[in-house]
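Okay, so here's the structure we're looking at.
When reading the values below, keep in mind they use all heavy atoms of this one structure, side chains included, and skip hydrogens, waters and symmetry mates.
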Amino acid sequence: MGKRTQENVYNKSRGRKMDDNRVQERASTGIARLDEMMDGGPFRGSVTLVLGPPGTGKTCLGLEFISRGAIDYGEPGLIITFEHFPKKLLRDALSLGFDLQDLESKGLVRILFTSPEIFFEQAQVSGGLLDTMVQELGAKRVLVDSISHLERLARDPVKLREIAFTFTNALLRHGLTAFVTQEDPGITGDMAAAQYGISYLVDAVIVLRYVELDSSITRAVMVLKQRASSHDKTIREFWITDEGIRIGEPFKDREGVLSGLPRKKEIDAFMEVFGPRGKSGGKGEGR
Ligand SMILES: Nc1ncnc2c1ncn2[C@@H]1O[C@H](COP(=O)(O)OP(=O)(O)OP(=O)(O)O)[C@@H](O)[C@H]1O
Ligand SMILES: [Mg+2]
């Protein structure tokens, strides 16, 4: 694993005007390459949205963010889940190499399994469930999995935006570094067609995708946006392993990766069919 970036301090004003030259500190996602992709990691006290179709690894990424925060940095993390029983989360985390139960017993992790209705109501109340749990745990990180469930609180898009705004502010009120997941219905698909829900409210957006490559399915990750940062613009392959998430190199010589069906760049397709210029038998030889 590469150099940890957690205590690195940045003062980059690119893209956002910083009042009184405020120095903003970065947290570490716990995944060195993701930190690099995020220009050093997510800002402390910011919200990062993890967007992707079912099964792409949103929960895994969030669990690693919380687990590594606790193990590597001693930062207590709260997991708020609307969909998985704590037992399932414990099992999922274990398959990635993280013993959440042990972290829970050490007071470094707490899992809250609740309904969006209760959570949303409590998040607005001073001294409510969110306040109490954050204070009791001394939480520095939070994972909310997934905010897609908030959609059932209202149908009206304006009302939904208000809910998203209130919800984001509730997380920010505590200065928590937050990861929130959201389901993106397209299995593969065009970025332009995707709906980003609360993406306009958050500081960073990480997109996960399935990609069909040479007749097999792999996963892709990219940082779609990150405020005040020169984030990585490449799309990289990643793997879910029993030691957590591993991120590889950018997809090379491919176009249309986000469409889910990348094509080899024309020049490579040409090379594959006709061989490199100048090789024996190459048609262009000597010309
Ligand atoms: N240790 C592991 N090794 C390999 N793959 C794993 C491992 N643990 C989990 N996975 C894979 O991760 C996938 C599930 O990822 P995850 O639950 O994070 O997806 P998700 O995006 O949260 O899905 P959903 O939208 O359904 O909640 C499964 O397909 C599973 O195959
Ligand atoms: Mg999930």
Side-chain angles (χ1 to χ4, degrees), residues 26-69 77-84 88-89 92-93 96 98 100 111 116 119 141-151 164 167-168 171-172 176-189 191 194-211 218-227 229 231-241 244-247 257-258 260:
R26 307 259 183 174
S28 170
T29 60
I31 303 167
R33 190 155 262 175
L34 184 58
D35 288 344
E36 285 166 25
M37 290 174 77
M38 297 181 80
D39 197 22
F43 285 112
R44 285 187 180 282
S46 74
V47 180
T48 297
L49 178 68
V50 181
L51 193 67
T56 37
K58 302 180 294 295
T59 302
C60 289
L61 184 62
L63 289 174
E64 183 149 3
F65 164 73
I66 293 292
S67 305
R68 292 226 184 260
L78 181 61
I79 299 172
I80 296 159
T81 174
F82 302 132
E83 57 193 60
H84 297 306
K88 181 177 183 305
L89 277 186
D92 286 359
L96 302 168
F98 303 114
L100 281 188
I111 302 173
F119 178 72
R141 297 175 179 226
V142 64
L143 165 66
V144 183
D145 191 32
S146 86
I147 60 151
S148 301
H149 292 260
L150 291 178
E151 284 162 22
F167 166 80
T168 313
L171 299 179
L172 294 176
L176 297 166
T177 309
F179 265 38
V180 298
T181 65
Q182 186 178 25
E183 194 174 302
D184 180 0
I187 296 297
T188 60
M191 294 297 293
Q195 296 291 315
Y196 292 119
I198 70 160
S199 67
Y200 68 99
L201 287 174
V202 299
D203 284 271
V205 179
I206 297 170
V207 176
L208 308 182
R209 278 276 183 280
Y210 290 112
V211 175
T218 183
R219 290 178 169 93
V221 57
M222 78 171 292
V223 177
L224 184 69
K225 99 168 189 184
Q226 192 179 19
R227 290 203 182 112
S229 303
H231 66 85
D232 190 0
K233 309 293 187 300
T234 62
I235 304 160
R236 291 172 184 263
E237 190 170 5
F238 78 95
W239 301 269
I240 301 170
T241 77
I245 283 174
R246 276 184 44 229
I247 300 179
V257 172
L258 291 177

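Between the CG atom in Asp35 and the CG atom in Asp232 there is a gap of 12.0 Å [rounded to 0.5 Å]. Once rounded to the nearest 0.5 Å, the distance linking CD1 of Ile206 with OG1 of Thr29 reads 7.0 Å. To the nearest 0.5 Å, the span separating OG1 on Thr168 from CG on Leu201 amounts to 4.5 Å. One distance of note links CZ of Arg141 with OG of Ser67; it measures 10.0 Å at 0.5 Å rounding. The CD1 atom of Ile31 lies 4.5 Å from the CD1 atom of Ile245; values are rounded to the nearest 0.5 Å. The CG atom of Leu61 sits 9.0 Å away from atom CD1 of Ile240, with the distance rounded to the nearest 0.5 Å.
Tested against Asp203 for a side chain to side chain contact (heavy atoms under 4.5 Å, CB included), the candidates Pro42, Ser229, Ser46 yield a single pass: Ser46.
Lys225 places no side-chain N or O within donor-acceptor distance of the main-chain N or O of Val223, the cut-off being under 3.5 Å. With hydrogens and angles disregarded, no donor-acceptor distance shorter than 3.5 Å links the side chain of Thr48 to the backbone of Val205.
Of all the heavy atoms in Leu171 and Ala178, the pair that sits closest is CD1-CB, 4.0 Å. The minimum heavy-atom distance linking Lys58 with Gly52 is given by the pair NZ-O, 3.0 Å. Taking each heavy atom of Ala220 and Ile235 in turn, the nearest pair found is CB-CG2, 3.8 Å. Listed here is the closest heavy atom pair of Thr59 and His84: OG1-NE2, 4.1 Å. The two residues Gln226 and Ala204 come nearest to each other via the heavy atoms CG-CB, 3.8 Å. Heavy atoms only, all atoms of each residue included: Phe238 and Thr56 are closest at CZ-O, 3.2 Å.
Side-chain contact check for Leu49 versus Ile147: some heavy-atom pair is nearer than 4.5 Å.
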Exercise for the section: For Asp39 and Arg26, run salt bridge (charged side-chain N to carboxylate O under 4.0 Å, His left out): C-alpha distance rounded to whole Å, both residues' side-chain angles, the deciding distance at 0.1 Å, then the answer. Expected result: CA-CA 9 Å; Asp39 197 22; Arg26 307 259 183 174; 3.5 Å; yes
Practice task
Given side-chain contact (heavy atoms from CB on, under 4.5 Å), test Phe98 with Leu63 step by step and report yes or no.
Solution key: CA-CA 8 Å; Phe98 303 114; Leu63 289 174; 5.6 Å; no
Practice task
I would like to know whether Ser146 and Glu83 meet side-chain contact (heavy atoms from CB on, under 4.5 Å); could you show each step before the answer?
Solution key: CA-CA 7 Å; Ser146 86; Glu83 57 193 60; 3.5 Å; yes
Practice task
Take Leu78 and Leu176, measure what side-chain contact (heavy atoms from CB on, under 4.5 Å) needs, and give me the verdict at the end.
Solution key: CA-CA 10 Å; Leu78 181 61; Leu176 297 166; 5.7 Å; no
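Side chains of Asp145 and Thr181: a donor on one and an acceptor on the other come within 3.5 Å.
In this structure, Phe179 and Phe65 have parallel ring planes: the angle between them is below the 30° cut-off, well short of the 60° mark.
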